[in-house]
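Lettering follows sequence order; numbering is per chain, from 1.
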Amino acid sequence: MTVVLDVNWTVKWLTLCAQAMAEHRIELIELDRAIGDSDHGENMDRGFQAVLAKLDEATPETPGAALKMTAMTLMSKVGGAAGPLYGTAFLRAATAVGDAAEVEPAAWALALAAARDGIVARGKAEPGDKTMVDAWTPAVDAAREAADGGSPDLLSVLVAAAEAAEAGAVATDPLIARKGRASYLGERSAGHRDPGAVSTALILRAAVGAAA
Amino acid sequence: MTVVLDVNWTVKWLTLCAQAMAEHRIELIELDRAIGDSDHGENMDRGFQAVLAKLDEATPETPGAALKMTAMTLMSKVGGAAGPLYGTAFLRAATAVGDAAEVEPAAWALALAAARDGIVARGKAEPGDKTMVDAWTPAVDAAREAADGGSPDLLSVLVAAAEAAEAGAVATDPLIARKGRASYLGERSAGHRDPGAVSTALILRAAVGAAA
Amino acid sequence: MKKLINDPKSVVHESVQGFGLAHAGLVTVSEDPIYITRKDAPVAGKVGLVSGGGSGHEPLHAGYVGKGMLDAAVPGAVFTSPTPDQILPATLAANAGAGVVHIVKNYTGDVLNFETAAELAEAEGVNVRTVLVNDDVAVEDSLYTAGRRGVGGTVLVEKIAGAAAERGDGLEAVVAIGERVNANVRTMGVALTACTVPHAGTPSFDLDENEIEIGIGIHGEPGRHRIPMENADGITDRLLEPVLADLKITAGDRVLLFVNGMGGTPLSELYIVYRRAVQVLADAGATVDRSLVGNYITSLEMQGCSISVLRLDDELTALWDAPVHTAALRWGM
Amino acid sequence: MKKLINDPKSVVHESVQGFGLAHAGLVTVSEDPIYITRKDAPVAGKVGLVSGGGSGHEPLHAGYVGKGMLDAAVPGAVFTSPTPDQILPATLAANAGAGVVHIVKNYTGDVLNFETAAELAEAEGVNVRTVLVNDDVAVEDSLYTAGRRGVGGTVLVEKIAGAAAERGDGLEAVVAIGERVNANVRTMGVALTACTVPHAGTPSFDLDENEIEIGIGIHGEPGRHRIPMENADGITDRLLEPVLADLKITAGDRVLLFVNGMGGTPLSELYIVYRRAVQVLADAGATVDRSLVGNYITSLEMQGCSISVLRLDDELTALWDAPVHTAALRWGM
Ligand SMILES: Nc1ncnc2c1ncn2[C@@H]1O[C@H](COP(=O)(O)OP(=O)(O)O)[C@@H](O)[C@H]1O
Ligand SMILES: Nc1ncnc2c1ncn2[C@@H]1O[C@H](COP(=O)(O)OP(=O)(O)O)[C@@H](O)[C@H]1O
Ligand SMILES: [Mg+2]
Ligand SMILES: [Mg+2]
Ligand SMILES: [Mg+2]
Ligand SMILES: [Mg+2]
């Protein structure tokens, strides 16, 4: 069975994202409690539950439509820093995939890059600032490499992105935050994992699950 | 050595009272914490420290003068329920002993009764209401009995009063308060000792110490 | 115990000094003995209003000194009523010849100390009357107890009697207004946590993580009974029920609803309680005509609230609306 | 976690409903999406003022909606900035054609969400300008960080810019006044205890019985460093030192001194801090011309305080004194 990135996959992905946020809600709250304001898990859970509700109301027609709906919903339900950042990310990804019924692996890698660029454009964080950018950037690089490589099947692109994001999140541990709320802690932010990087890894891992 | 109730004894008594309140400050706070507002030890300590300061300024000429000074000082420094009640008690005792240079055991027993009556007149508590009256009343009775008895020496009057007050304080344990702040607790006041009864016992025990 | 203080012994003194500095245009502070008077006291021709009690209930009472409310406030040690040697000069300072009303919360200590001060003031030729506030329905009112405590209703008595004095009412008339407010207000409180008296250093009672104390007063004393934690609507219902029953609230009554924070509860939670209280009153057919929500009579950093309901009539409403300018209550000027 | 709430999910909604009921004469509450507007908004000819941010800082911002201050407030979830779909209609409701000023505390979330809302409002033909508040000296201001946070100074910006809008200043003039306040105010805070976000259920950080957290913000986030407990005077000195240094306070300066409670600290303690702060300012040769003491920008039930100093000039003083009528700040009317 070859996996295709169509609207069914997208809906399944978003559903699994919602499930992951609900399951990891407390973990994300705890991470944010350490270097932020204890709301990241609550914010993400609220946002993706709203996405689920939207999916219940009407099934989108294309992957792009599903991504755009997600962007608008996260933008209006998440709040905080994560809301506009993830909102922009999904919006840029939606624009990147256009109204195609099926997205090719290479195009998906480009969509991930567009999402990351959107986050950077809004949040002005650079790699190493201990933000979600530190999960997105390695994921984008790994996805592009996998898509460029010998076997450009979707699953390997998704897996490459998820693994790189997870490694990127872990790699935020020693960093000193320079953007977002954790930056107020200065050196005391070192030794903690960035919650946004972890939620990014969860989202990209859910993408693998949707292809299973 | 026979003990006489002169101004030296009175000053020593008040000094020992101040010492007892300082030593039992926390105990009295804890008792008041259980069924009141955690201030009785602080109030009594503040009051008797002020009495000490007054004694430092000028030595009173008679037992009555010392008692009157104590009354005015407690009235103006203790506050709460205990301030006016002890103030009235010392004032009535002062009036009872008049300007005698030495007070006879029988007269002292009468002075204690006057003090108790003053407390009842101001506070309207009856025996069994779980207040300082429950220490004063048995003390007054015991002192009168000792003074009326075969050996009306001062020490036996003082000891009788102190022991009766102590027993009276212990006997407040099972009572349900009907006056003062503890009465707000209703039945939940049972099982605790009344702080004012304990401070009364401390004061009457200090009187024994002053005769040692 | 962590507090923003220098020394438990100097808490009241330094706090009152700070208060005097922050509101120098409004009040004068006497430091020895401690009492606070309205800057322009005594106000010619006006009946003087004096209140006081233990400290730890801020903004009560000093926060209510000013035009349209109190002429003087007398703070005692924390949770300890003040002494006659403070109350007497405050009374004299408030007296412009028209007499002085003592507004006294019904606690043995407050009653006795104000009683003595009133006698002393009378001896100096001042006409003193007392309004005793006893609005707490958590406590049984009986000849054989200390009687009901004065709690949240005190703020309303001070505001409304203060307005009566300001408009020129005579001594007996001000007393009558104060007593009318007291007769028409009932209060019940709840504690979610205890508070810590500075000189005691430990919490005033022990409460489990899932227990609350119903029927607390304002001195960190334990309440009437202890129940498992409930949600805000449940607690509100529980507090209001005896208040409405005792007041005999019936359809058509117009009321002032006062949701008071005990000091450590966020304002946002008080509004959640207020919301439910309005519903309950509506169900009883009563209309909330005026409201007050905030920390107005507190118990240090205690978490919890009290709900007071005052049955209004046109005169009480007009006096409530009358201009007031104090540190803690201000409108119309 | 013991709170007077029904459900962590309904805290903001129910609290805003209660607020609307308690201040029905003053504000209108929109429930979906949630925002609060001045009863008479939009006020013909007047520049509109909108602020907002996470809930949990009450009375900020809804408590400052009314004559002489904000036209609209937009509360987000607890400690979470509101979303553009709330900010946009609030902006439209505040717009009388003279444009709207967004007063935004400098947090990534607030900045991004207000930015988006401003773009959307501009697209609908509304002139929007933003005043960014960043008065917190606990945080290093640098291009390579998120920059200084907006804390206590926000209240002062809202009051003074609000007075400027009320007297009829145009859009750019109101922005200039707001920025002048922001440029002349600095703040530093301390936490004695953490606070508990309802949906999180556990305290926002762990603090030992004898530790305090210096340089906290208003979101229960940990501060800049942790030190052993000190007395009130010591803490006051520690907070004021960087404030005065950063503001370059010199002899002859006239200032507004704002001692703000974080929500769970008794008012009496704030006055103890205020008292010391006046001494320190006097030692620096500055005069405290205006003051504000109380719980005006809070972090739920956190114990602690912040100290803000605003350098005054005649115009800022006059605008501070101008009448204001909101739920939480009221004078002159
Ligand atoms: N400027 C930024 N650029 C990229 N990501 C950011 C930025 N600021 C914050 N973030 C991300 O947002 C996460 C926090 O999100 P959240 O807790 O929901 O919002 P808030 O910080 O407003 O409470 C951080 O862990 C970080 O990954
Ligand atoms: N009406 C009363 N008559 C006699 N004693 C009383 C009365 N009310 C209170 N007391 C005594 O006063 C004690 C409490 O004193 P204290 O704690 O100093 O004052 P407060 O109750 O005002 O805080 C009680 O333990 C009780 O013995
Ligand atoms: Mg957060
Ligand atoms: Mg007591
Ligand atoms: Mg007391
Ligand atoms: Mg947040």
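- Heavy-atom pairs under 4.5 Å with chain D peak, among A277(C), S55(C), G263(C), S299(C), at G263(C).
- Interface remark: L192(D) contributes backbone and side-chain atoms alike to the contact with chain C (heavy atom separation under 4.5 Å).
- Atom NE2 of H57(C) and atom CG of L267(D) lie 13.5 Å apart (nearest 0.5 Å).
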Discussion item. Walk me through whether Y274(C) and H23(D) qualify under ring-ring contact (aromatic ring centres under 6.0 Å, His included).
Written reply: CA-CA 11 Å; Y274(C) 179 87; H23(D) 307 289; 7.8 Å; no
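- Residues of residues 1-16 of chain C that come within less than 4.5 angstrom of chain D, heavy atom to heavy atom, are M1(C), K2(C), K3(C), L4(C), I5(C), N6(C), V11(C), E14(C), S15(C) in numerical order.
- Of the atoms belonging to T298(D), not a single heavy atom falls under 4.5 Å from chain C.
- Of the two parts of M333(D), only the backbone, made up of N, CA, C and O, holds a non-hydrogen atom closer than 4.5 Å to a non-hydrogen atom of chain C.
- Residue contact with chain C, scored on non-hydrogen atoms closer than 4.5 Å, involves the backbone and the side chain of E209(D) alike.
- Among I272(C), V190(C), T236(C), the residue with the largest count of heavy-atom pairs under 4.5 Å with chain D is I272(C).
- Side chain of S268(D) to backbone of E58(C): no donor-acceptor contact under 3.5 angstrom is found.
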